2 protein chains.
Amino acid sequence: MVFDDIDKKLLEYLQSDSKQTNKELSNKLNLSVTAVYERIKKLEKDGFINKYVALVNKDRVDNAFVAFCHIKLIQHTQDYVMKFEKEVTNLTEVLECYHISGDYDYLLKVIVKDMAAFREFVVKKLTSINHIGSTHSMFVINEVKHTTAISF
Amino acid sequence: MVFDDIDKKLLEYLQSDSKQTNKELSNKLNLSVTAVYERIKKLEKDGFINKYVALVNKDRVDNAFVAFCHIKLIQHTQDYVMKFEKEVTNLTEVLECYHISGDYDYLLKVIVKDMAAFREFVVKKLTSINHIGSTHSMFVINEVKHTTAISF
DNA sequence: GTTGAAACAGGTTCCCC
DNA sequence: GGGGAACCTGTTTCAAC
């Protein structure tokens, strides 16, 4: 597929504000509205754009406590790994989960109400998943930067 | 401000798909289109909704290499901290930056082309910021889960 | 908060180059 | 592939309840 510099620009614009009209985008890209429309549809169809979402302001949400959890599994058989990943994915408190290199196997980003809720989450939900060896938690003191936009 | 269970539901819907029509939302919430419209405008005005964005599929982007970097500062004077945070925020490779508890001061989520580009990033950009003591990097082997939607 | 209608803007389609 | 005009769907505003 063709994926040129205009598409990259377009993706950057849509990543920063998806509510722009095609007319606004056509001005920025020096294209016609139709061309913008067709390029966007193409990017959606070809899976470059996953979805369009509203981003919620964490500061306005009461008691948004964010933590990162390192997790080590006891064993790494395919069974254990797949089961762990499936169960972790189902936890609404887990916003992100990465299989990573290093001392630990996984890094989780978790959001809960407060420290008490975090303790509850670790004890009741996280460590109740079998095969977890050890965990190590870090608490977010301040969110310095957070963007969903990838630069091209 | 009133922020009831309907608003929470509405935010959850908009976080999962912001392109739904007000009519679709009105069906899900058992409200009129006008009521949905007014609630959304209120949530936007009151800052609950930061913005609307397109989420790009990392798998379709050539060579999206993601790493997490722990960073320790040499000193923690207000000057150093603010300068570091400002410079890190300006790096397009840095998607997220958190001031965290624990052995390190900061946790960064970085996206670059490949391992070579990561090395380049660390040597040329990251450690050229003054006052950085030590860094420790972890590489993402697989993204198991990634959502921007907070549950209420 | 609801309904309905009217006005408008934007998305979508089609035909042209 | 891009441009222009017609069409159509959704948003926005307003009235009355």
Side-chain angles (χ1 to χ4, degrees), chain A residues 1-62 147-152, chain B residues 1-64 113 146-152:
Chain A
M1 169 210 175
V2 242
F3 177 66
D4 58 17
D5 289 347
I6 297 177
D7 288 313
K8 290 180 182 177
K9 272 274 167 223
L10 183 50
L11 274 185
E12 291 190 347
Y13 290 137
L14 291 173
Q15 283 185 110
S16 76
D17 178 10
S18 62
K19 280 281 164 82
Q20 294 172 86
T21 63
N22 291 347
K23 190 170 170 55
E24 288 172 308
L25 292 167
S26 71
N27 285 334
K28 292 181 182 170
L29 296 168
N30 285 321
L31 283 179
S32 69
V33 173
T34 309
V36 169
Y37 173 78
E38 279 166 358
R39 277 176 184 267
I40 291 176
K41 286 299 151 201
K42 202 154 186 285
L43 290 171
E44 292 170 354
K45 193 177 131 290
D46 293 346
F48 284 90
I49 295 173
N50 256 345
K51 54 180 177 175
Y52 298 92
V53 301
L55 295 182
V56 165
N57 189 357
K58 276 205 265 321
D59 297 339
R60 295 293 272 118
V61 176
D62 275 349
T147 179
T148 54
I150 300 169
S151 292
F152 292 100
Chain B
M1 168 210 176
V2 241
F3 178 65
D4 59 16
D5 289 348
I6 297 176
D7 288 314
K8 290 181 184 177
K9 272 273 167 222
L10 183 50
L11 275 185
E12 290 190 348
Y13 290 137
L14 290 173
Q15 282 186 110
S16 76
D17 178 9
S18 62
K19 280 279 164 81
Q20 294 170 87
T21 63
N22 292 344
K23 191 170 171 54
E24 289 173 307
L25 292 167
S26 71
N27 286 334
K28 292 181 182 170
L29 296 167
N30 285 321
L31 283 180
S32 68
V33 172
T34 309
V36 168
Y37 174 77
E38 280 165 358
R39 277 176 185 267
I40 291 175
K41 285 300 150 202
K42 202 156 186 288
L43 289 170
E44 291 170 354
K45 195 177 129 288
D46 294 346
F48 284 90
I49 296 172
N50 256 345
K51 53 180 177 176
Y52 298 91
V53 301
L55 295 183
V56 165
N57 189 358
K58 275 204 269 315
D59 297 339
R60 297 292 272 117
V61 176
D62 274 349
N63 311 320
K113 258 202 187 351
H146 186 192
T147 178
T148 54
I150 300 169
S151 292
F152 292 101

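Each chain gets a letter, A, B and so on, in the order its sequence line appears, and its residues count up from 1. Since this is a predicted model, take the numbers as computed values, not measurements.
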Residue pair B/Asp7, B/Arg39: steps toward the salt bridge (Lys or Arg N to Asp or Glu O under 4.0 Å) verdict: CA-CA 7 Å; B/Asp7 288 314; B/Arg39 277 176 185 267; 3.1 Å; yes
Each stem that DNA chain C is part of, given as range with range (3 or more consecutive Watson-Crick or G-U pairs, under 3.5 Å): C:1-17 with D:1-17
Between CG on residue B/Leu25 and CD1 on residue B/Ile40, distance to nearest 0.5 Å: 5.5 Å
Under 3.5 Å: donor-acceptor pair, side chain of B/Asp4, backbone of B/Ile6: yes
Worked verdict on A/Lys41 versus A/Glu44 for salt bridge (Lys or Arg N to Asp or Glu O under 4.0 Å): CA-CA 5 Å; A/Lys41 286 299 151 201; A/Glu44 292 170 354; 3.1 Å; yes
N or O in side chain of A/Arg39 less than 4.0 angstrom from D/dG2 OP1/OP2: yes
For A/Gln20 against A/Ser16, the heavy-atom pair lying closest together: NE2-OG, 4.5 Å
Nearest heavy-atom neighbours spanning B/Ala64 and B/Lys58: CB-O, 3.8 Å
Minimum heavy-atom distance A/Ile150-A/Glu12, with the two atoms named: O-CG, 4.3 Å
Mutual orientation of the aromatic rings belonging to A/Phe152 and A/Phe3 [parallel < 30°, tilted 30-60°, perpendicular > 60°]: perpendicular
Where protein sits on nucleotides 3-17 of chain D, one letter per nucleotide: B base, S sugar-phosphate only, - none, heavy atoms under 4.0 Å: BB-----SSSS----
